[in-house]
Amino acid sequence: MNTHELWQSVLGELELSLTKANFTTWFKNTFIVSITSTEAQIGVPNVFTKAWLEKKYLKNILQSLQNITDARIRSVHFKIDTKSQTPSLVTLGKFAEGLSPTTKIQTPPFPQQNDSSATYPVALATEIGLNKKYIFQNFIVGKQNELAHAAAVAVAGQPGQAYNPLFIYGGVGLGKTHLLQAIGHELIRRAAQARVLYVTCERFTNDFIHALRNNRIREFKQRYRTIDLLLVDDIQFIAGKEETQEEFFHTFNQLQQNNKQIVMTSDRPPKAIPSLEARLISRFESGMMTDVGSPDFETRVAILDLKCQERQFTINTECLQEIANAVQNNVRELEGALNKIIAYHQFKNVSPTPDTVRPIVASFKPTNIKKNVTPRLLIQTVASYFDVEHSALTGKSREKRFAFPRQIVMFLMREELKASYPSIGAELGGRDHTTAMHAYDKIQECLEENEILKHDLDLIKQRLYTSV
Ligand code: ADP
Ligand code: MG
């Protein structure tokens, strides 16, 4: 086996345990630079990938290399190698902290503005359609959004050069619009002359229809194709709109060809957007895709803390934890709960205590939402997450790419729906209950050491509960 074949086998193995989006994003343009019996050096296209692979996938890569070579490989190093086409330097902001001293942060292509906020063109930002609250400075970074955040920062620092397009997806109220607009703000802050356009997909569609009707296509093209940064929110609404898709396709190409940055958000990955043209799917997937998940407990507390400070509302940590415990789904709900609490205590003119907070947040407790999740929905959600057919999971095939998601379904049926093993077997094409038991144990065991699997399950659960 030569090094190329070896790496292909490693990738083949890794692919099975990762989502397609993650796999393509992180392993595109990687290769083995050199390998000895104890050490492997992997070439990666840029510093961003290097940092991410080191942080998240080192263990998996090492393990996979060990499996395949039977060798005593003990260490894996990553080396930025521009053999691949992607630009090798990106601005990483906070993400770059702790990277090797040789890491260079490239200056943005626009002249830098004075950093003082007094020069920040708020009026301009508002005119573009940006909400002045949605900036990086008040975005709390947790495990579930760190990749999306890092990518957004990178893109704002080097529009058109780092990742183009950037596609951010995830459930409602998880900060997609906030991140999207923060990119716009950041670019304007750095370079007031940068031409930024923020639109919802709906707005783009309406503009287009309006232009068609009034013979103003030329103006429309002028407006959308001569900008530096196009931010499109909720692109999933382009589903089924053929002419708008056609127009967006050309807008997209024009901007991308001119190295102008495009960032989109969506509630789902491109492949899952119904009746989205194949050529658009491939365009949307061609840059960086990253998801945002539900915030974990610590992140929820941090977000609440920040929002209270912003509103100058005094509250102790115990109360914040009480809220964070009760409201788990998304940040929008978290804000809603906090608003209720602030209103109540201001009205009563009392200080919040866990006892006064608890009844107010009780209605947010994530108990009754689970009722609506059916085994069928669960199978569907897992299938679409792993990009396989529903029928493949209930079918006979033992291929790993089906068997693994199938085991996840079994695990989640037990864990989330409290289903019995025989009924789990029955739901999955009449399998034996011992198969379901085995699957449950296996996934549980994997979860103990596999961070990625944990992350995958979080995302699946999030989709499951936001889709009902
Ligand atoms: P989405 O577009 O994903 O539905 P939004 O961006 O509209 O979600 O976020 C909902 C609300 O939650 C907004 O007020 C936003 O400022 C806030 N929010 C979301 N994520 C964060 C975060 N990580 N830190 C601070 N605020 C957040
Ligand atoms: Mg939004």
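Whatever order the structure lists them in is the order used to number ligands and atoms, beginning at 1.
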Near [X], which atoms of ligand 1 are under 4.0 Å from a heavy atom of that residue?
X    : answer
K307 : 16 (O), 17 (C), 25 (C), 26 (N)
N145 : 23 (N)
N138 : 24 (N), 25 (C)
V172 : 4 (O)

Salt bridge [X]-[Y], side-chain N to carboxylate O under 4.0 Å:
X    : Y    : answer
E277 : R283 : no
E310 : K133 : no
E415 : K461 : no

Considering only non-hydrogen protein atoms, determine which one is nearest to [atom] and report residue, atom name and distance to 0.1 Å.
atom                    : answer
atom 18 (N) of ligand 1 : V331 CG1, 3.1 Å
atom 4 (O) of ligand 1  : G173 N, 2.7 Å
atom 8 (O) of ligand 1  : G175 N, 3.1 Å
atom 23 (N) of ligand 1 : I140 O, 2.8 Å
atom 10 (C) of ligand 1 : R332 NE, 3.8 Å
atom 11 (C) of ligand 1 : E335 OE1, 3.5 Å
atom 15 (C) of ligand 1 : H178 ND1, 3.4 Å

Check your understanding: For the side-chain contact (heavy atoms from CB on, under 4.5 Å) test, which of M288, Q161, Q261 pairs with V155?
Key ->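 Considering M288, Q161, Q261, a side-chain contact (heavy atoms from CB on, under 4.5 Å) with V155 is found only for Q261.
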
Point to revise | Any F237 side-chain heavy atom under 4.5 Å of T205 side chain | key: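 A side-chain contact is absent here, since even the closest heavy-atom pair is not under 4.5 Å.
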
Practice item. Enumerate the protein N/O/S atoms at a distance below 2.8 Å from the Mg ion (ligand 2), ignoring waters. Key: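 Within the sphere that stays under 2.8 Å of the Mg ion (ligand 2), the protein atoms of type N, O or S are T177 OG1.
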
**Study point:** Sub-4.0 Å heavy-atom contact, H149 with ligand 1
**Key:**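 Not so, H149 does not reach ligand 1.
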
Point to revise | Residues L393, F386; criterion side chain to side chain contact (heavy atoms under 4.5 Å, CB included); working and verdict | key: CA-CA 11 Å; L393 296 189; F386 287 99; over 6 Å; no

Check your understanding: So, does R300 use its side chain to make a donor-acceptor pair with the main chain of P295 at under 3.5 Å?
Key ->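 Answer holds: yes.
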
